[in-house]
Each structure stands twice: as C-alpha cells, then as structure tokens.
Amino acid sequence: MKLTEEQGLKEIEGIVGAAHLLTDAATLAGYSVNMLATGDILPAAVVRPASTEELQQVVKIANTYKTPVWPLSGGQNRGYGMACAAKPGSIIIDLKRMNRILEVNVELAYALVEPGVTFAQLYRYLRDNDIPLWMDVPSGSPEGSCLGNITERGAGYTPLGEKFLFSCGMEVVLANGQVIRTGTGTLPNSQTWQIFKWGYGPSLDGLFTQSNFGIVTKAGFWLMPRPPAYEPLAVIMDEPEAVYKAVEVLRPLKLNMVIPNGACVTHVRKALGLTACWGEGKNILPQVGRRFDYSPETLRELKQTYRLGEWNFAGALYGLPETVQTYRRIVENAFRSALPGCRFLSAEEQAASPYWRAREKAMRGEPLWEFDMSDWEGKAGALWISPVAPVTNDAVGQQIRIAEETYAKYGFHYAAELILGTGRDLHHIIWLLFDRSDAEERSRAEQCEREMYDRYCEVGYLPYRTGLSTGDYLMRKLGPFRDLCHDLKQLFDPNNILSPGKSGIDLANRS
Ligand code: ADP
C-alpha cells in the first residue's frame, strides 16, 4: 500500500497536525517546478514537521509504506532545479518550521542552526543583537537555508566561502528514523561539537552532502570576527583576454592569503544580470533581456553607466588598518604590472553602481537577492553550469572556449563568474538563461547543459553540483564511484525512500 493512500497520510497528519499536511492543488503546484522538466513534477503531499522528533516519526511512516520523501530546507535550490523532487508522487518534507538558531557562540565564533534558518534570519539576528561576527552568504536568495547550502556544498564570498569546509558537526535523521550526530557530537555530552570537525573514527559528514543517505536536522558552522578594517576592491578590465592575466595575478595573492575571500572575476554579461536586480539597475532589465542579446552599442553604454569592464574583479581585504593598506598596495602593484589598462574604482565609484554595492555587501556577509533575471516576464528559466578549474590561465582558457563554442551552437550567450576558493581551485559558474514557456528553447537548454557536461568531463573537469534533471546523467560518467554510492544507499536506505534520484543515486535505477 502506498502512503499517498488515505491511511498513511492520516498517520502523518496525526504527527504534525492537519494544518501541516498539505495536499491542495495550489500548495502542490508551488513545489512542482523543475527548471528543465517537461511539465511539472507534482508531489503527492507537503508535510511540515516542527521538530526532529516529528520528522523521525514522519520518516518512519514513509519507510514503513516505502513512499519516497524529499527534504527541502530553505526550499529555493535556485539555479539547480528549484523546490521540487526529482520524481512525481513524492512527499515533500519542508523543514522551514524547524527554524531555530540554537546557538551563536561569540567567543569561539560559530553557530548551530536548524534547517529552516535562512541567511536573512541569521544576518538580522547578528545585527540586531550587535554580535561582532560576520557570516558567509552565497549568491542567490536571502531566503535560502544556511544548512541547505552546506549540504549542497555551496560557495560564498567571504573568507568562509567554502561552506562545507567551514561547517562543523551535523545531526542527521536516517531512513529508519534513527538520529545520529557527526564529528565529536558522537559523544552525547560533547563540549567540542562545533569547534573540532573530525571527531574520532571515520569522518562521516561528507556522506550527508549532495546525497540522499539522511536528512540533516542541525548543522554547525564557523563565523568570522568582524575585522577592524575591511577594504573591498573593485577592478575593471576592458580587454576580453584580461581574465587570463587576472587569474595569473590572483593565484599567488590567493595562495598566500593576501586576498582571503571568495573573490570573483565576473564577465560583463553576468555583472549586468546582477545589476538588473538592484536599485536603479532594475531599469535595465528590458535592455538586458533573458537572452543577453543586446547590441555592442547598448553594451558599451551600459558598461559606462554602471562602471563595468568586460571583466570585473571583486575581492576584499580584512584585518588591521595598517595591514589592509599594505596588502592593498601589493594587490594594486600586481594588477597594474600585468594589466596596465585596468582601473581600481574608488569607494565613491563603487557606491554609485548597483553591481559594486552588492559585491561590497556580499563580501562582508550581507545576503542579497540576485534572481530578477530569471524572473524575466515570469517565465525565464535559469541554470548554473558549474565546472571547477585549476587557477591557471590555460585551464580557464580551455573552459571558456568550451562554454563559448557550446553556447554558440545552441544559441545562448556566455555569462559567467569565476569564484576563487583556496587559490588552487575556482568555481566557473556559467549562467544559462532560457524561456521555460517555450518547449523548443527549454529542450535546447537541456541539450546544451548535457553537452557542456560531456565536453568538460571529457577533458577532466567535474561540475561541483548539478541540477535535478542531470544528476543521473553526470553520475553515470563516474564508474565505480557510482556503484559505491548505490552500495551505501542500500546500507543507509534499503527502501529507497530518501530523495531517490538525488545526485543520480536511486536504487530503482542502479543498473
Ligand atoms: P536552498 O534553500 O539553499 O536553496 P533547498 O532547501 O532548496 O536549498 O535545498 C536544496 C537541496 O538540498 C534539496 O533539493 C535537497 O536535495 C537538499 N537538502 C536540503 N535540505 C536538506 C536536509 N536538511 N538534509 C538533506 N538534504 C537536504
């Protein structure tokens, strides 16, 4: 018997209360939009547990009836599929009601939160309580989940941008309803759960990221002390080849931690896409359009008005006033000797441009909205294709060539941002904008995405994350790793109830 039938749903209703088990058409429609799917993927129900205990009961029932569930934390998943399960008929478990900030430790600079805690909520909490700590934010939506972004291994713009690297300790509900803790949280009275990542024995946290082996109900992560001095750097570069030189300039500055944050080099089309999301920049939405297909004259004019180059570097320095000024001179000299035509914008110039204002905020952890581009006429689709590259001009050149060739073949325009992590790797986040309401264009976008994965994997570049529709496509390229993931799925979730299809892991589809 399937849980969607009356009895199972009645049992769930008994746990969460009638107000939090939703099956009406309007609610289900809100959880059914998958960017690339032909038609919507309708769930059977949406359940909103209030606590780990309620969630445990819900999962136990789903496991008994062998009905798939799909957890969402902030419920955004923008750019990678939206708030939706991979398959129809699942029960969406929306964790938004579990939204307690359980601890912010000022002395040791960390937080412990539940899944429903959003970036905006934590930001307000730190600000309103005058807590001298900064958090990391990714791009996207302030309503995204701090915990959800850790489980997806998102990247952000402060020195704590590698979200999973700076996470510390998880609580997880397994498919049989059991609760476990990772790291030193394995000791019930641990005093070091949020400060020492590794615990004792195998380190399991990674198993619960981009996977479907458990539902994470608590996550710890580190914050940074608010620095005495903060200096955002905005550099505009007008040659199309500037990106290759910039990467070479930035590698040693990043490796030596002169520039410690998730700094980015952004192509003008992406920068204009972001400009269109804020303040006076919103006026340009009709000009920029969902296909970025404006004329060279319009592009020139927009660059001038919004103080943008063909490529744009945003990074930041943090520390004491003296060290920040010394480091600024080092960075300026490095850029100027390699790129004599580049220009450092003054604080006033940055403040006059919505794009640079937004960067300045993101690099000190203020969450920002950046999706008006994908809301274009209410029907645009947006995907991010995100291969990782070494920080070398050869690798970046190879990746940009592949993207430009493939996008030209499918009739799209390249628009991207390179986010530099440790100085060794960068996330090449390539925006694909298309009209969801046009079946032909949507199918072209899907083919384009798959061909990008084919071409990048062929030369050894793996995306750091995929959308809901392409998990299986990518996972099938990974040979024995795919087999091992399915063996683990069998161990953790033999009834295949947790997010089947997530990252291409699905026992029904393992051969
Ligand atoms: P965000 O709010 O950051 O956009 P979502 O809540 O939409 O993120 O989650 C994105 C994806 O991450 C979901 O589709 C799901 O696969 C996974 N996920 C979210 N929350 C959890 C969780 N608590 N435990 C395990 N996986 C999760």
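Every number for a ligand or one of its atoms is a count from 1 in the order of the listing.
Looking at E152 and K502, a side-chain N of the basic residue comes within less than 4.0 Å of a carboxylate O on the acidic one, giving a salt bridge. Ion pairing between a basic and an acidic side chain is recognised when a charged N comes within 4.0 Å of a carboxylate O; K254 and D425 show no such pairing.
Close contacts of ligand 1 with S73, meaning ligand atoms under 4.0 Å from a residue heavy atom, involve 5 (P), 6 (O), 19 (C), 20 (N), 21 (C), 22 (C), 23 (N). Those atoms of ligand 1 that come under 4.0 Å of a heavy atom in G214, given as number and element, are 25 (C). Within ligand 1, counting atoms from 1 as listed, the ones closer than 4.0 Å to a heavy atom of L72 are 6 (O), 7 (O), 13 (C), 14 (O). When each atom of ligand 1 is checked for a heavy atom of L95 under 4.0 Å away, the hits are 23 (N). Every atom of ligand 1 with a heavy atom of G144 under 4.0 Å away is listed here by number and element: 2 (O). Proximity to L147 (heavy-atom distance under 4.0 Å) selects the following atoms of ligand 1: 23 (N).
Under the 4.0 angstrom criterion for non-hydrogen atoms, P71 is in contact with ligand 1.
For a threshold of 3.5 Å applied to N or O pairs, the pair formed by S145 and ligand 1 contains at least one separation below that value. The distance criterion of under 3.5 Å between nitrogen or oxygen atoms is met by K502 with respect to ligand 1. At under 3.5 Å, not a single nitrogen or oxygen of F208, backbone or side chain, sits near a nitrogen or oxygen of ligand 1.
Counting only heavy atoms from C-beta outward, the side chains of Y414 and T406 never approach each other to under 4.5 Å.
Between the side chain of R444 and the main chain of Y410, a donor-acceptor pair closer than 3.5 Å is present.
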Checklist entry - Where do H267 and W431 land on the side-chain contact (heavy atoms from CB on, under 4.5 Å) test, with the steps shown first? => result CA-CA 11 Å; H267 187 262; W431 219 350; over 6 Å; no
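Paired with N212 under the rule side chain to side chain contact (heavy atoms under 4.5 Å, CB included), one option of D493, I497, I505 passes, and it is I505.
Relative ring orientation between Y230 and W134 is described as perpendicular, the plane-to-plane angle rising above 60° on a 0-90° scale split at 30° and 60°.
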